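Here's the structure we're looking at; comments come further down.
Since this is a predicted model, take the numbers as computed values, not measurements. Just so we're on the same page: letters track the sequence lines, and every chain starts at 1.
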Amino acid sequence: MSIAGIKGMNDILPGEVETWQFLEKTAREVFRTYGFSEIRVPVVEKTELFCRSIGETTDIVEKEMYSFEDRSGNSISLRPEGTAPVMRALVQHKLYNLDSINKLYYSGPMFRYERPQKGRYRQFHQLGAEVVGVDDPKVDAQVLAMLDQFFQEAGIADVELQINSLGCPECRPAYRDLLVAYLEVRLESLCDDCKRRYRTNPLRALDCKSTGCKAATAEAPSVLAHLCCGCDTHFGKVRGYLDGMNIPYAVNDRMVRGLDYYTKTTFEMVTTRLGSQNAVAAGGRYDGLVKQIGGPALSGIGFAMGLERLALLKGDEAVVRDRPEIFLAGLGEAASDRSFLLMQELQRQGLRAEMDFEGRSLKSQMRRADKLGARYVLILGEDELSRGGAELRDMDAATQEDVQLDQLLSVMIERCGLVRRDKA
RNA sequence: GUGGGUGUAGCUCAGUUGGCAGAGCACCGGAUUGUGGCUCCGGAUGUCGAGGGUUCAAGCCCCUUCACUCACCCCA
């Protein structure tokens with residue numbers, strides 16, 4: 001029996017990978033215009049980093065981390081998300097001393113031990129961005145604008161930007177108490193999960209899909225109505241800037257977060273096209289996080305996009321076929337050898353050239369050239385070879401002409417207008 | 001962790017009350033010497049997910065197991 005891959009960890013095959021490359025390229029271009037620099041951090045970190053940042057009682061830390069001891073007995077974990085490692089690096093290298101604002105983006109695999117389903121995998125990929133050092137609502141609006149622009153340029157429609165504010169250490173405890181009290185008298189109608197956690201994580205009930213919880217929380221107090229003065233004006237300004245930039249959004253005061261570090265502005269880019277996975281990007285402000293992992297008191301805001309989910313939404317519509325410029329069809333050993341050398345000369349010039357390595361008939365070489373989508377086919381037989389020429393067939397026009405082999409390079413470069421950029 | 005669905009050719013899937021393993025697509029070859037697409041003709045391909053059981057006989061029935069998938073939970 002052959003060895004299969006690990007459950008929930010997928011291969012990205014030719015034909016799919018083009019979509020990923022498109023998404024990554026689009027993100028790099030958009031993020032660059034907003035002044036973000038890439039940062040690359042390791043895939044494993046000390047387990048403690050995630051416990052302290054994400055929260056000891058979150059599902060991620062409690063039951064979803066790939067944690068293990070290395071050979072010296074330290075507990076390390078495959079990263080379940082990207083923000084904590086990036087903040088760790090920022091603190092470790094004191095990047096905040098180089099500039100008062102740091103705009104960083106990252107991309108790479110994350111790991112969570114969950115049951116896989118559509119749009120949810122054990123190894124998944126996130127592309128995220130973080131702004132650290134400034135808590136002005138303009139920064140929130142910039143991040144949201146960048147996210148919006150990414151979706152526009154990536155051509156992903158059918159998504160909605162939802163925003164909320166979760167308050168800060170000033171106002172959240174009071175709201176939380178209020179909500180606990182509200183839930184307490186309605187415990188009977190809550191689902192088992194919400195009953196169990198109404199004290200530890202009451203916000204979760206607002207987001208619960210069970211009909212009982214939906215009904216029970218219909219009249220629940222809204223976070224937005226209980227923000228402190230600072231959070232309320234902050235949220236108001238963010239909304240004002242979004243309106244000013246004509247960025248569409250919806251306020252969703254029942255949006256909650258799975259990670260403990262979020263404060264004030266939170267947001268999600270949601271879709272209805274991915275089964276039960278409705279978030280394709282999510283993020284928010286995390287003003288206490290850097291200090292919590294042992295750094296200075298720096299505010300921050302960021303988001304992460306799920307590449308698998310983006311790729312599912314995008315499908316393969318973005319993929320344009322990469323056609324070979326030329327296919328060299330040689331007949332007989334001598335012609336085949338000569339074709340091989342010619343092919344290499346073309347490739348060295350940056351032209352995509354292909355040939356047959358299996359000594360097939362001309363007919364089947366033509367078929368293959370057609371299948372690959374070659375623009376031109378060079379037909380080289382014994383006769384042509386002896387006089388130093390060949391037939392160059394234009395596959396789209398279905399016409400062909402004689403060319404001298406020593407002219408082939410210049411003819412092809414002229415036709416395809418393609419010279420390797422790094423040569424000149 | 002819990003529940004449902006599905007495992008048959010490279011892919012998508014048929015397969016009758018248990019009786020020789022099938023189709024379409026894809027692939028390969030051919031249709032007057034060396035010319036693609038369209039058409040036509042021909043060809044190869046299987047551990048029927050795995051293991052066990054019942055039976056003269058199992059893709060089909062029974063048991064076990066694994067994988068994939070969707071949903072719950074949770075999240076990107």
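Contact check, A:Lys118 against B:U69: no side-chain N or O comes under 4.0 Å of OP1 or OP2. Side-chain N/O atoms of A:Arg367 include none lying less than 4.0 angstrom from OP1 or OP2 on B:G34. Within the structure, every side-chain polar atom (N or O) of A:Lys63 is placed at least 4.0 Å from both OP1 and OP2 of B:G1.
Pair assignment for B:C40: B:G30, on the basis of Watson-Crick or G-U wobble contacts that are both within less than 3.5 Å. Using Watson-Crick or G-U wobble geometry with both donor-acceptor distances under 3.5 Å, B:C73 finds no partner in any strand shown. With a cut-off of 3.5 Å on both Watson-Crick or G-U wobble distances, the partner of B:U45 is given as none. Pair check for B:A58 finds none; no Watson-Crick or G-U wobble contact set falls under 3.5 Å. For B:G22, the paired nucleotide is B:C13, the pair qualifying as Watson-Crick or G-U wobble because both relevant distances are below 3.5 Å. Pair assignment for B:U6 gives B:A67, based on Watson-Crick or G-U wobble hydrogen-bonding distances that are each under 3.5 Å.
Residue A:Arg112 has its side chain nearest to B:A76 when only B:A76, B:C68, B:U35 are considered. With distances taken from any side-chain atom of A:Ser361 to the nucleotides B:G30, B:C75, B:U35, the minimum falls on B:G30. Relative to the side chain of A:Lys363, the nucleotides B:C75, B:C70, B:G36 differ in distance, and B:G36 lies closest. Checking B:G37, B:A76, B:C75 against every side-chain atom of A:Asp370, the shortest atom distance belongs to B:G37. Taking every side-chain heavy atom of A:Gln117 into account, B:A71 is the closest of B:C28, B:A76, B:A71. Set against B:A71, B:A76, B:C75, the side chain of A:Asn278 has B:C75 as its closest nucleotide. Comparing atom distances between the A:Gln277 side chain and each of B:C75, B:U35, B:A76 picks out B:C75 as nearest.
To the nearest whole angstrom, the two P atoms, one in B:A71 and one in B:G15, are 26 Å apart. When the P atom is compared between B:C25 and B:A67, the two are found 35 Å apart, to the nearest whole Å. When the P atom is compared between B:G3 and B:U8, the two are found 25 Å apart, to the nearest whole Å. Comparing the same atom, P, in B:G10 and in B:G53 gives a spacing of 28 Å after rounding to whole Å. For the C1' atoms, the distance from B:G37 to B:A58 is 46 Å, rounded to whole Å. Taking atom C1' in both B:C66 and B:G52, one finds a spacing of 14 Å when rounded to whole Å. Of the C1' atoms belonging to B:A9 and B:G24, the separation is 12 Å, rounded to the nearest Å. Between B:A44 and B:C38, the two C1' atoms lie 24 Å apart (nearest whole Å).
In this entry the distance linking CD1 of A:Ile60 with P of B:C75 reads 6 Å, nearest Å. At whole-Å resolution of the value, CZ in A:Arg122 and C1' in B:G1 are 11 Å apart. In this entry the distance linking CD of A:Glu62 with P of B:C73 reads 17 Å, nearest Å. In this entry the distance linking CE of A:Met366 with C1' of B:C28 reads 18 Å, nearest Å. When the C1' atom of B:C73 is taken as reference, atom CG of A:Asp207 falls 12 Å away, rounded to whole Å. With rounding to whole Å, A:Leu312 atom CG is found 20 Å from B:C75 atom P. Counting to the nearest Å, the C1' atom of B:G30 and the CG atom of A:Leu362 are 14 Å from each other. Distance, A:Asp383 CG to B:U35 C1': 14 Å, rounded to whole Å.
At least one test fails for A:Arg239 against the ring of A:Tyr241: distance under 6.0 Å to the centre or angle within 45° of the axis.
Within the nucleic acid shown, A:Leu259 comes within 4.0 Å of sugar-phosphate atoms alone, with no base atom in reach, counting heavy atoms only. Heavy atoms of A:Gly119 sit under 4.0 angstrom from at least one base atom. Contact annotation for A:Ala329: no contact, since no heavy-atom pair falls under 4.0 Å across all strands. Looking at heavy-atom distances under 4.0 Å, A:Ala369 makes no contact with the nucleic acid at all. Among the heavy atoms of the strands lying under 4.0 Å from A:Tyr121 is at least one base atom, whether or not backbone atoms are also near. Using a 4.0 Å heavy-atom cutoff across all strands shown, A:Glu384 reaches at least one base atom of the nucleic acid.
The residues A:Asp135 and A:Arg285 are annotated as not salt-bridged, no charged nitrogen and carboxylate oxygen being separated by less than 4.0 angstrom. Using a 4.0 Å cut-off between a side-chain N of Lys or Arg and a carboxylate O of Asp or Glu, A:Glu45 and A:Arg88 qualify as a salt bridge. A salt bridge is defined here as a Lys NZ or Arg NE, NH1 or NH2 lying under 4.0 Å from an Asp or Glu carboxylate O, and A:Asp383 with A:Arg387 fails to meet this definition.
Each of A:Thr58 and A:Glu382 lies near RNA chain B, and the nucleotide nearest A:Glu382 is the one positioned closer to the 5' end. Both A:Glu114 and A:Leu274 lie near RNA chain B, and the one whose nearest nucleotide falls closer to the 5' end is A:Leu274.
For the ring pair (Phe, Tyr, Trp, His ring centres under 6.0 Å) with A:Tyr113, the qualifying choice from A:Phe68, A:Phe124, A:Tyr66 is A:Tyr66, the only one to do so. Screening A:Leu351, A:Val411, A:Asp394 for a side-chain contact (heavy atoms from CB on, under 4.5 Å) involving A:Tyr376 leaves a single residue, A:Asp394. A side chain to side chain donor-acceptor pair (under 3.5 Å) with A:Tyr286 is found for exactly one of A:Arg257, A:Gln292, A:Glu130, A:Lys264, namely A:Glu130.
A donor and an acceptor atom never sit less than 3.5 Å apart when one is taken from the side chain of A:Arg368 and the other from the base of B:G36. Evaluation of atom-type donor-acceptor distances gives no pair under 3.5 Å for the side chain of A:Glu64 against the base of B:G1. The base of B:U2 is paired with the side chain of A:Arg115 by a donor and an acceptor separated by under 3.5 Å. Residue A:Arg360 places no side-chain atom within donor-acceptor reach of the base of B:C28, judged by atom type and a 3.5 Å distance cut-off alone. Within 3.5 Å, no donor on the side chain of A:Gln365 pairs with an acceptor on the base of B:U35, nor the reverse.
Between A:His226 and A:Tyr175, the two ring planes are tilted [angle within 30° to 60°].
When ring centroids are compared, A:Tyr105 and A:Phe31 come within the 6.0 Å threshold.
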